[in-house]
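First comes the structure, then the notes that go with it.
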Amino acid sequence: MKLLAQELPSQRTVQETPPPGTNQDPLIAHSLQKEQYIGIFGLAIALIAAVGFFSRRVEYAIIFAIVLSAVIIAFFLLV
């Protein structure tokens, strides 16, 4: 039994989690969210343009899938 008690951390090493709203994590870029969305949207347009350069049918299929997905997501969010 002594061996089990020795492996457990002491009460001094346990840290309390900070209350919500005080998130100061330096690894999370809170101010770059708008730029990330713009970059993702730009990459999606570039991908569609690159695919459309090779095959017009595939481009139309991708655009149709994206529009249909957006409509379904909006439908489920609003209902």
Side-chain angles (χ1 to χ4, degrees):
M1 284 302 217
K2 271 188 167 181
L3 183 61
L4 180 62
Q6 290 174 353
E7 292 179 5
L8 295 175
S10 68
Q11 291 181 353
R12 284 181 255 155
T13 60
V14 177
Q15 295 181 355
E16 185 179 332
T17 57
T22 61
N23 188 0
Q24 300 297 328
D25 191 356
L27 298 177
I28 299 175
H30 295 284
S31 62
L32 295 177
Q33 191 170 8
K34 189 185 299 183
E35 289 83 1
Q36 289 172 349
Y37 285 134
I38 292 171
I40 291 169
F41 187 70
L43 283 174
I45 290 176
L47 176 69
I48 292 172
V51 169
F53 179 74
F54 295 110
S55 173
R56 200 56 83 180
R57 276 186 165 176
V58 176
E59 179 185 13
Y60 291 148
I62 292 173
I63 292 172
F64 177 74
I66 290 172
V67 170
L68 184 63
S69 298
V71 169
I72 291 173
I73 289 170
F75 174 75
F76 282 116
L77 287 177
L78 297 176
V79 171

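Cluster partners of F53, using a side-chain heavy-atom cutoff of under 4.5 Å among ILVMFWY residues and allowing indirect links, are F54. Counting Ile, Leu, Val, Met, Phe, Trp and Tyr side chains that sit under 4.5 Å apart, directly or through other members, I45 shares a hydrophobic cluster with F41. Cluster partners of I73, by chain and number: L77. The rule joins Ile, Leu, Val, Met, Phe, Trp and Tyr whenever side-chain heavy atoms lie under 4.5 Å apart. Taking a 4.5 Å side-chain heavy-atom cut-off between Ile, Leu, Val, Met, Phe, Trp and Tyr, the cluster of I72 extends to F64, L68, F75, F76, V79.
Residue pairs meeting the salt bridge (Lys or Arg N to Asp or Glu O under 4.0 Å) criterion with at least one member in residues 57-74, sequence neighbours excluded, are R56-E59. For residues 64-75, the set of pairs meeting the side chain to side chain donor-acceptor pair (under 3.5 Å) definition, not counting sequence neighbours, is empty. Residue pairs meeting the salt bridge (Lys or Arg N to Asp or Glu O under 4.0 Å) criterion with at least one member in residues 34-53: none, sequence neighbours excluded. Among residue pairs with one or both ends in residues 68-79, none qualify as salt bridge (Lys or Arg N to Asp or Glu O under 4.0 Å); sequence neighbours excluded.
Put simply, V58 and L47 are part of the same group of oily side chains (I, L, V, M, F, W, Y) that touch within less than 4.5 Å, one to the next.
Here I66 pairs with I48, I62 under the side-chain contact (heavy atoms from CB on, under 4.5 Å) rule; sequence neighbours left out.
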